Amino acid sequence: MNPYQNGLALEEKSCKEAANLFGETKHILLSNFSSMGNGTSEEAERYWFAFILYSVKKLIQKNDEGEKENTENIGLSLCRILRAAKLNIADFFKELPQFVVKAGPTLSNLYGTDWENRLEAKEMHANAIHLKILSKYYKRVFGEFFVATDTNAEINSPITVHASEYHRFGWLLFLALRVHAFSRFKDLVTCTNGLISILAILIIHVPTRFWNFNIHDSSRFVKKSNKGVDLLASLCNIYNTSEDELRKTMEKANNVIADILKKQPCLASECETGNLENIDKDGLTYFKDLMEESSLPSSLSMLEKDYDYMIHNKSELDERLFINEDDSLLASVSLSGGSVSAGGVKRKFDSMASPAKTITSPLSPHRSPASHANGIPGSANSKMAATPVSTAMTTAKWLRTVISPLPSKPSPELERFLTSCDRDATSDVVRRAQIILQAIFPSSPLGERCVTGSLQSANVVDNIWAEQRRLEALKLYYRVLEAMCRAEAQVLHATNLTSLLTNERFHRCMLACSAELVLATHKTVTMLFPAVLERTGITAFDLSKVIESFIRHEESLPRELRRHLNSLEERLLESMVWEKGSSMHNSLAVARPSLSAEINSLGLLAEPMPSLDEIAMHINFSCGGLPPVPTLPKLESPSNQNGDIRSPKRNVLMERNSFTSPVKDCLLPCIILKSKLPPPPLQSAFASPTKPNPGGGGETCAETGINIFFGKIIKLGAVRISGMVERLQLSQQIRENVYSLFQRILNQWTSLFFNRHIDQIILCCFYGVAKISQLNLTFKEIVYNYRKQPHCKPQVFRSVFVDWSLARRNGRTGQEHIDIITFYNEIFIPSVKPLLVELGPAGPTTKSDRIPEVNKNDGHLAQCPGSPKISPFPTLPDMSPKKVSATHNVYVSPLRSSKMEALISHSSKSYYACVGESTHAYQSPSKDLTAINNRLNGNRKVRGPLNFDDVDFGLVSDSMVANSLYLQNGSCASSSGAPFKSEQPDS
């Protein structure tokens with residue numbers, strides 16, 4: 001630790017703590033260094049030291065509550081740690097999950113079971129992505145209103161102010177607003193409102209010679225009165241913000257200016273300044289000498305000092321660096337020897353939060369009469385490029401205009417359903433909604449000190465925010481519940497829905513789903529999924545039962561929120577439902593009795609759902625503070641109680657969430673929306689597992705539910721398998737064999753999925769089938785191509801859960817996480833060898849030599865009664881448009897035969913270029929598209945111009961492609977690779 005102690009000025013206590021943690025985890029580093037960074041021991045050590053220093057800073061506690069902290073260690077921020085370790089932010093958060101998973105038991109023993117909440121790794125990662133998104137957004141909107149240089153500046157002027165200084169002033173003022181006024185809930189929508197309020201302040205105060213707009217521009221400033229341009233209303237029209245929220249946020253920003261910069265506010269209507277000419281001054285505030293050349297340097301200095309003071313004792317990022325795109329901490333690769341590859345800056349963050357290029361309305365709901373009836377047919381910025389910020393603001397507009405005006409109580413029609421139950425369920429529904437939503441969006445106690453004298457208490461701000469979110473979730477819940485009741489009544493031909501409307505688990509799932517959509521709309525940092533599960537007492541399997549119905553019964557749901565729910569279902573199916581504590585295991589133990597012994601021995605069963613009274617008591621008890629993801633007493637993970645290693649899924653940072661690029665977030669192929677048959681009645685989905693299915697057939701509700709669940713897993717597996725087959729350029733026979741093996745394992749060796757990710761099983765299936773088919777395909781090549789898949793997570797092949805006591809291999813005991821190849825050899829092959837042998841072309845007698853030798857006692861089959869028959873590979877939805885370039889966003893869609901004749905008629909044939917038609921040799925996508933454009937825009941006279949500016953016509957956007965594209969093509973980098981036994985997992 002000496003280099004870090006010298007470079008970071010660590011106090012002795014912190015240095016000893018870090019050395020102790022390093023000693024406790026050194027064996028983990030030594031066994032995993034090849035999978036970290038570039039695989040060298042030197043780089044792995046730098047990563048590990050950074051993880052340890054960050055953990056110590058966040059988790060170390062004072063020996064005495066009144067003990068003063070050593071001033072030498074106060075400024076130990078994450079930025080300083082990363083600079084000392086020569087790492088960047090993106091790489092740090094990319095590799096941190098591996099440390100969290102594998103060092104978790106040690107951290108739990110040293111710092112308590114709540115260490116992960118106090119580490120705040122997921123929140124820090126989300127915050128970093130937010131800031132990158134917001135800085136890019138701020139740079140764009142600033143450039144829309146202000147010039148880069150002052151062309152009218154006098155050469156001999158003693159004071160020269162550059163536009164970049166105003167740009168920096170705006171960002172520092174925004175950071176001050178975040179620190180002093182936004183408190184804990186720094187969601188993307190609130191922060192965007194903050195940036196637009198800062199933009200308004202800049203327009204009012206920045207000298208007009210820096211303007212690059214005309215206040216009389218009718219297309220930009222559409223809101224006018226007889227007193228002039230309504231500045232705030234016009235900005236709201238451009239950027240989809242709420243005028244009420246913008247005025248409130250601007251008032252907070254004005255208070256920050258008055259308190260920090262000591263400027264005296266005055267009414268704009270009483271001031272004479274060139275900036276306010278032709279602007280309606282009512283309700284605006286003006287500060288004299290705020291941004292004049294003589295005062296700007298001192299204002300910048302004061303904002304810098306205030307920010308330094310506020311973050312001095314926090315292990316957080318220095319958020320000022322995000323407007324400096326050349327900062328090494330924003331580079332795309334690790335610094336090695338003090339250098340960064342040219343052009344590497346920004347690329348990593350751009351991949352985490354890249355805007356979707358489009359000129360169509362960014363996130364308007366699917367075009368339908370219902371959507372337009374709800375008041376969002378299109379906005380003023382419908383031709384603007386869709387970015388993460390603009391999509392969030394458009395979705396927030398839906399919530400504001402469609403959901404917020406609804407009543408905050410059950411409608412008369414919903415009340416009729418509730419009163420038609422055997423006992424009136426209205427009061428229970430209302431009380432439950434209040435308690436559950438209070439648990440998800442808790443209020444804070446009042447009376448704590450304000451950050452600055454005249455600013456409103458941060459807790460009051462939090463309470464207002466929480467109350468607004470509760471109301472939005474409540475109104476959405478009542479709206480969808482009413483639609484579900486109508487549909488359920490039609491299915492059952494009855495209005496008495498007692499078994500559904502009195503089911504506690506069903507209502508909590510509906511409330512959790514509504515709250516999650518509100519959280520996803522605002523893109524919060526502190527309440528990331530699966531926070532709603534833990535705060536409501538339900539499990540991933542419970543929530544997966546309502547997602548399909550929720551999407552079906554809210555027609556106005558914007559595309560981005562549909563995508564979010566589809567993405568959540570994919571996350572639930574691929575890993576979370578297989579975790580310890582999932583209620584899926586309770587149903588599986590009933591539906592597949594042969595698995596009950598193993599389920600019990602692994603402690604997989606879900607604990608009883610906490611009662612409403614317990615949750616209410618928990619809220620009252622914990623109202624003094626809001627941990628990042630509080631856990632209810634009944635929901636304590638068994639792994640936290642007995643020291644077992646947790647399954648890795650919850651530890652994976654920012655796991656394909658709402659902050660990632662839509663085009664990189666390839667979603668589950670609409671199992672929900674593409675289903676031709678209506679879903680079974682919800683009453684059976686939430687009935688007791690042992691209860692007979694009211695639909696008949698002699699099945700229990702558990703058997704029906706598990707069969708539906710397995711069907712979804714098989715569909716998801718088919719999509720993942722097909723994607724890998726195309727990427728690896730394998731034959732359709734291999735695809736069939738891999739798919740068949742996957743199905744057989746799910747039905748006959750279900751326990752292989754416990755505490756694991758389905759991709760881990762799929763990767764092993766590929767290698768097993770390749771070996772039995774004598775394909776020259778290495779595991780390294782499989783992993784290499786898997787890394788290119790949009791759903792890839794490095795933890796899938798780096799950390800596979802194993803319980804050696806059940807595996808009975810090599811005398812090992814206990815639980816740990818191993819790499820995918822070790823898992824294949826030690827666990828997978830001993831279990832599925834007989835299934836693999838059956839896939840061999842010459843039968844089981846001659847092909848067993850192609851599989852690694854295993855102990856015969858470990859290769860038995862656990863055939864489950866009632867398992868579905870193995871089905872052939874399903875017909876997946878048409879992959880259109882289809883990506884045809886691994887490096888460019890070029891997509892091809894097959895031409896419908898119905899349109900062919902119209903397109904190839906003599907009058908219009910020359911306007912189109914069809915796939916396969918070419919007048920020159922292929923060059924590149926960009927050059928070929930240029931040739932097509934030149935052909936269209938040639939000298940040949942046409943009857944009329946081609947109009948590409950119409951609102952209804954636009955390029956195919958990345959986000960639209962992600963909504964319909966289930967597989968992504970790409971070339972396979974073939975390599976012979978070393979023999980299997982000498983392979984190492986790819987990093």
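Note that the structure is predicted; figures quoted are calculated from it, not measured.
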Do the side chain of Ser301 and the main chain of Ser298 share a donor and acceptor less than 3.5 angstrom apart?
no
I need the Ile323 CD1 to Ser135 OG distance, nearest 0.5 Å.
8.5 Å
Using side-chain heavy atoms (C-beta onward) and a distance below 4.5 Å, is Leu517 in contact with Leu476?
yes
Using atom types as modelled and distance alone, determine if a side-chain donor or acceptor of Ser295 lies under 3.5 Å from a backbone N or O of Asp289.
yes
Any side-chain heavy atom of Cys79 within less than 4.5 Å of one from Leu321?
yes
What's the verdict on side chain to side chain contact (heavy atoms under 4.5 Å, CB included) for Lys136 and Thr387, showing C-alpha distance, side-chain angles and the deciding distance?
CA-CA 10 Å; Lys136 293 178 68 175; Thr387 66; over 6 Å; no
Do Asp187 and Arg469 come within less than 4.5 Å of each other through their side chains, counting heavy atoms only?
no
List the atom of Ser514, the atom of Ala473, and the distance in Å for their closest heavy-atom pair.
CB-O, 3.5 Å
Nearest heavy atoms of Phe287 and Lys263, plus distance in Å
CD2-CB, 3.6 Å
Taking the side chain as everything from C-beta on, heavy atoms only, tell me whether Phe169 gets closer than 4.5 Å to Leu202.
yes
At their closest point, which heavy atom of Val189 faces which heavy atom of Ala396, and how far apart are they?
CG2-CB, 4.0 Å
To the nearest 0.5 Å, atom CD1 of Ile201 lies from atom CG of Leu284 at 10.0 Å
Quick one: does any side-chain atom of Asn212 pair with a main-chain N or O of Phe146 as donor and acceptor, under 3.5 Å?
yes
Lys248/Glu251 salt bridge by N-O under 4.0 Å criterion
no
dist Leu561:CG -> Thr521:OG1 (nearest 0.5 Å) comes out at 4.0 Å
Atom CD1 in Ile440, atom CD in Glu516: separation rounded to 0.5 Å?
9.0 Å
Grab the two heavy atoms, one from Ser404 and one from Lys475, that are nearest each other, plus how far apart they are.
O-NZ, 2.6 Å
Would Thr249 and Leu177 satisfy side chain to side chain contact (heavy atoms under 4.5 Å, CB included), going step by step from the backbone distance to the final call?
CA-CA 9 Å; Thr249 306; Leu177 187 64; 4.0 Å; yes
Please find the pair of heavy atoms, one from Ala128 and one from Ile89, that lie closest to each other, and give the distance.
CB-CG2, 4.2 Å
Expected output: side-chain Tyr138 to main-chain Leu199 donor-acceptor under 3.5 Å
no
Check the angle between the aromatic planes of His205 and Tyr286 and answer parallel, tilted or perpendicular using the 30° and 60° thresholds.
parallel
Roughly how far apart are Asp259 CG and Asn254 CG, rounded to 0.5 Å?
11.0 Å
In this structure, CG of Asn193 is separated from NZ of Lys252 (nearest 0.5 Å) by 9.5 Å
So Leu235 and Phe145, side chain to side chain contact (heavy atoms under 4.5 Å, CB included) or not? Walk me through it.
CA-CA 11 Å; Leu235 292 177; Phe145 286 90; 3.9 Å; yes
Are Phe221 and Ile238 side-chain neighbours, meaning at least one heavy-atom pair lies under 4.5 Å?
no
Within the side chain of Ser390, is there an N or O that forms a donor-acceptor pair under 3.5 Å with the backbone of Tyr239?
no
May I ask you to test the Ile215-Glu277 pair for a side-chain heavy-atom distance under 4.5 Å?
no
Say whether, by atom type as modelled, one donor and one acceptor occur between the side chain of Asn127 and the main chain of Glu123 under 3.5 angstrom.
no
pair Leu134-Thr192: side-chain heavy atoms closer than 4.5 Å:
yes
Looking at Glu165 and Arg168, does any basic side-chain N land under 4.0 Å from a carboxylate oxygen?
no
Minimum heavy-atom separation for Glu319 to Tyr307, with atom names?
N-OH, 2.9 Å
Is it true that a side-chain atom of Asn278 and a backbone atom of Val229 form a donor plus acceptor pair closer than 3.5 Å?
no
Short side-chain to backbone donor-acceptor contact, Trp465 and Phe441, under 3.5 Å
no
What class does the angle between the rings of Trp171 and Phe174 fall in, given that below 30° is parallel, 30 to 60° is tilted and above 60° is perpendicular?
tilted
Does some side-chain heavy atom of Arg470 sit less than 4.5 Å from a side-chain heavy atom of Gln438?
yes
Measure the acute angle between the ring planes of Phe93 and His125, then classify it against the limits of 30° and 60° as parallel, tilted or perpendicular.
parallel
Evaluate the side chain to side chain contact (heavy atoms under 4.5 Å, CB included) criterion for residues Tyr137 and Ile196: first the C-alpha distance (whole Å), next the side-chain angles of each, then the deciding distance (0.1 Å), finally the verdict.
CA-CA 10 Å; Tyr137 182 79; Ile196 302 304; 3.9 Å; yes
Establish, from distance only, whether the side-chain atoms of Asp306 and His180 form a donor-acceptor pair under 3.5 Å.
yes
